[in-house]
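What follows is one structure encoded as structure tokens, with my remarks underneath.
So that the names make sense, note that chain A is the first sequence line, chain B the second, and so on, each numbered from 1. Values in this document were obtained by computation on a predicted structure and should not be read as measured data. All heavy atoms count here, side chains included; hydrogens, waters and symmetry mates do not.
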Number of protein chains: 2
Amino acid sequence: MSQPEQVPARPTIKSVARHAQVSYQTVSNALNAPERLRPDTLTRVLRSVEELGYRPTQAARNLRLQTTRLIGFRSTRSDGQGVSSIESRFLYALTSAARDRGYGVILFAADGDEDEIAMFEDLVSRGAVDGFVLSGSHRHDPRTAWLAEREVPFVSFGRPWEKTSFDYSWLDVDGHAGTVAATEHLAANGHRRIGFIGWPEGSEVGDDRYAGYLAAAADLGLPTRGLTVRGLDGIGAGTQLAAGLLGKAHPPTAFVCVSDAMAVGAMHAIEHRGLAVGRDVAVIGFDDSPLATVVQPAMSSVRQPLESIARRCVDLLLDRIDDPRSAVLTSVVEPTVIARGSSNPTQPSPPDGA
Amino acid sequence: MSQPEQVPARPTIKSVARHAQVSYQTVSNALNAPERLRPDTLTRVLRSVEELGYRPTQAARNLRLQTTRLIGFRSTRSDGQGVSSIESRFLYALTSAARDRGYGVILFAADGDEDEIAMFEDLVSRGAVDGFVLSGSHRHDPRTAWLAEREVPFVSFGRPWEKTSFDYSWLDVDGHAGTVAATEHLAANGHRRIGFIGWPEGSEVGDDRYAGYLAAAADLGLPTRGLTVRGLDGIGAGTQLAAGLLGKAHPPTAFVCVSDAMAVGAMHAIEHRGLAVGRDVAVIGFDDSPLATVVQPAMSSVRQPLESIARRCVDLLLDRIDDPRSAVLTSVVEPTVIARGSSNPTQPSPPDGA
DNA sequence: GTGTTTCATATGAACGTTCAAATGGATAGA
DNA sequence: TCTATCCATTTGAACGTTCATATGAAACAC
């Protein structure tokens, strides 16, 4: 009654061979070593490939080549924690970059380090991935040791925060340079009293960004005494911390903030005092999350070049996959200031006044 | 000089067989059809499996079984658009759900529909995935037709917004029911004049949510005239729209908002008038994005049950993969109100007053 | 015209599985 | 004791590739 085959079966290398009147190994050569074929047979085979829409079956290549062309990456439960959204952007960039090199990204869900290692174990033992891109490095991170010990290729987006007995490739954003650039940006717009709203001491990333602010201020001869406050991340916290500074005798005229959420909070505090964000008091956030463009005026922020980081992560990882003895490379890339209304003295003018 | 092999090669079914003194096919049987083995050989084989840490190589299974146990999902460039972050949560849930059924999620980057279809083409022709989970359905969506035509298994998270000549399985969140619940929640807390802050007419999702508000208000006998405003998404827009309503002669005492960004904006407007969010004017957002918990007071929101949606997406997709003739199922799931400070008359009390 | 080289193409084998079918030893029935 | 039945295990084959090697025809030198 019903047709047995509506959709034609996917062509194999043999059906192409039959179509082109050659042996199937010749088709393989046409694709993998075209210089071996006589030009006329090459075009004939290639036309058959085209005509039948043939693409080598992934599973068969994988088996033969002992590779998967797949990169593992952890999907985090970002449940309510922060408005990072950095992950989403990085993931897109990573996937694009991998694809450009002929690789795919396979995602796995993991809750903590142990959970993630269990996933490593699973994927590696099944030979389901060629390597991993790690993110969210932190102190006492057991993941790198586990992978290094088993000689599983990996690259970390996020520097090691402590000495390890082994080396591995990593990339990171220079948070220090980011707050330096942010502070310089505000100073270039004429601000002398620049405040800092940060996270409590103890977080690797937060301390790094704080240090950058301090260094830039010292370099520029700007005061920092009584101009820095720190607290847990959040819009509400940012409002309170900024309000505290604004209520002082000599309030800052600009804020460098450790995160976009803090910066949005600072913007509220400024508006709450009847001041205009950008004109009266400048604000700059960090991460350039979607938050930055959803507020009014749009918020300046320090943007991590996730696209190029992702690309370099893939490059480094593939180097290691191709040759496990390849050199270990590490690099710190500088984020850039994205200037928007929240740090412009006047809305329409460009942000490069002296 | 250097050791030839630091890490032992991954065990294959044959090395297990040698270790357990059986043929390698018996090892396969032990794993896939244990009832065929005599109990003592079964335990012996299983112990060898355990001891060597053997796991069947994915590529070999894939080739033999003509399957990949991989689900394709598009990674979107959420660049600066909105604070959705829904995607991130869904992705985690999808990955978990897939894994529980023995599947992995492979990500691909695509910018628009055509780009995504090109990725379908690529992945399908290489036999790299067993099926797809779609998201972000919209009017004139060419993706479903493409997949349906080629009989590629797929499920859509997001209903079809127009009639199609073919059927497919989909799941969606009932935005209508969400705003109904939000409105009822506010009414239950004693509010009679409930405003609505929405998106401009024309967006499928926005109109659906607006209709829910209207229906609930009508049902409860509440006024809506002069209480609804609409504008493009954003915190700033929310502030302006809410300020407009609050400035009226008979302002609303509560806001149902089409998104969390709008709701955060409304909270600002309320505070700006010197009123207390929650006590004086209640606010409820939609999506329960990270934004909701990053503000002060924490914001009530309508939460999409992404975890169960992801699970059901996987279930439906695997049904179709297992049997392409399996029934087409569609279902609309109801989101739930997450009550927090922004809609509580008094901070510490539970949100169930009359 | 025979022997050697060269190049294009074909043959054989392997990657690690799973499934269908064959084998062989034990048990039961005559 | 011989054949039939059963069950545990083994044998054979296949999934679709790619790589190493063998073949054979044409081209060249002698």
Side-chain angles (χ1 to χ4, degrees), chain A residues 8-46 48-49 52-70 102 123-130 322, chain B residues 8-46 48-49 52-70 102 123-130 322:
Chain A
R10 235 149 40 68
T12 72
I13 200 170
K14 292 192 179 169
S15 55
V16 175
R18 211 165 21 235
H19 188 272
Q21 314 251 46
V22 289
S23 78
Y24 67 92
Q25 294 89 340
T26 299
V27 177
S28 174
N29 281 335
L31 263 27
N32 300 307
E35 73 282 359
R36 287 196 189 164
L37 298 210
R38 214 171 41 202
D40 60 324
T41 38
L42 179 61
T43 56
R44 179 157 46 97
V45 171
L46 256 32
S48 292
V49 166
L52 300 179
Y54 168 73
R55 305 277 269 105
T57 301
Q58 195 67 39
R61 310 193 77 207
N62 290 353
L63 180 59
R64 177 66 235 232
L65 264 26
Q66 295 292 75
T67 187
T68 63
R69 309 229 123 198
L70 247 29
L123 292 167
V124 168
S125 69
R126 284 189 352 236
V129 294
D130 289 350
D322 292 341
Chain B
R10 237 151 36 70
T12 71
I13 200 170
K14 292 192 178 168
S15 56
V16 175
R18 214 163 20 236
H19 188 272
Q21 315 250 46
V22 290
S23 76
Y24 66 92
Q25 295 88 343
T26 301
V27 177
S28 175
N29 282 334
L31 264 26
N32 300 308
E35 74 282 358
R36 288 195 188 163
L37 298 211
R38 216 170 42 201
D40 59 323
T41 38
L42 179 60
T43 56
R44 180 158 45 96
V45 171
L46 257 31
S48 293
V49 166
L52 300 180
Y54 167 75
R55 306 276 268 105
T57 301
Q58 195 67 38
R61 308 193 80 209
N62 290 353
L63 180 58
R64 177 67 235 231
L65 264 26
Q66 296 290 78
T67 187
T68 63
R69 307 229 125 201
L70 245 30
L123 292 167
V124 168
S125 68
R126 285 190 352 238
V129 295
D130 289 350
D322 292 342

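- Looking at residues 53-62 of chain A, you'll see that no heavy atom sits under 4.0 Å from any atom of DNA chain C.
- Within the 4.0 angstrom heavy-atom criterion, base atoms lie near S28(A).
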Look for any protein N or O under 3.5 Å of an N or O in nucleotides 5-7 of chain D and output each such pair with its distance, or none.
none

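- When all heavy atoms are compared, the tightest approach of A20(B) to S48(B) is CB-OG, 3.3 Å.
- Between Q21(B) and L63(B), it is Q21(B) whose nearest contact on DNA chain D lies nearer the 5' terminus.
- Residues N32(A) and L37(B) each lie close to DNA chain D; by heavy-atom proximity, the contact nearer the 5' end of the strand is made by L37(B).
- A distance of 12.5 Å separates CZ in R18(A) from OG in S23(A), rounded to the nearest 0.5 Å.
- Chain B approaches DNA chain C within less than 4.0 angstrom (heavy atoms of the protein), and the contacting nucleotides run 5' to 3' from dG16(C) to dC19(C).
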Name the pairs: protein N/O against N/O of nucleotides 11-13 of chain D, kept only if under 3.5 Å.
from	atom 1	to	atom 2	distance (Å)
dG12(D)	O6	Q25(B)	NE2	3.1
dA13(D)	N6	Y24(B)	OH	3.4

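- For R55(A) against S125(B), the heavy-atom pair with the smallest separation is CG-OG, 3.2 Å.
- Note that the OG1 atom of T26(B) and the CZ atom of R36(B) stand 10.5 Å from one another [nearest 0.5 Å].
- With sequence neighbours excluded, no residue satisfies salt bridge (charged side-chain N to carboxylate O under 4.0 Å, His left out) with R69(A).
- Between P56(B) and L31(B), the shortest heavy-atom contact is CG-CD2, 4.3 Å.
- Among all heavy-atom pairs drawn from A30(A) and P34(A), the shortest one is O-CB, 3.6 Å.
- Side-chain atoms of V49(A) and H19(A), non-hydrogen and from C-beta on, never get closer than 4.5 Å to each other.
- Annotation for L63(B) and Q66(B): closest pair O-OE1, 3.0 Å, computed over non-hydrogen atoms.
- Panel note: side chain T57(A), backbone A59(A); no donor-acceptor pair is recorded below 3.5 Å.
- When every heavy atom of V16(B) is checked against every heavy atom of L52(B), the shortest pair comes out as CA-CD1, 3.8 Å.
- Every residue meeting the side-chain contact (heavy atoms from CB on, under 4.5 Å) condition with N32(A), not counting sequence neighbours, appears here in chain and number order: S28(A), R61(A).
- Only one option out of D322(A), N62(A), D130(A) pairs with T67(A) in a side-chain hydrogen bond (donor to acceptor under 3.5 Å, both in side chains); it is D130(A).
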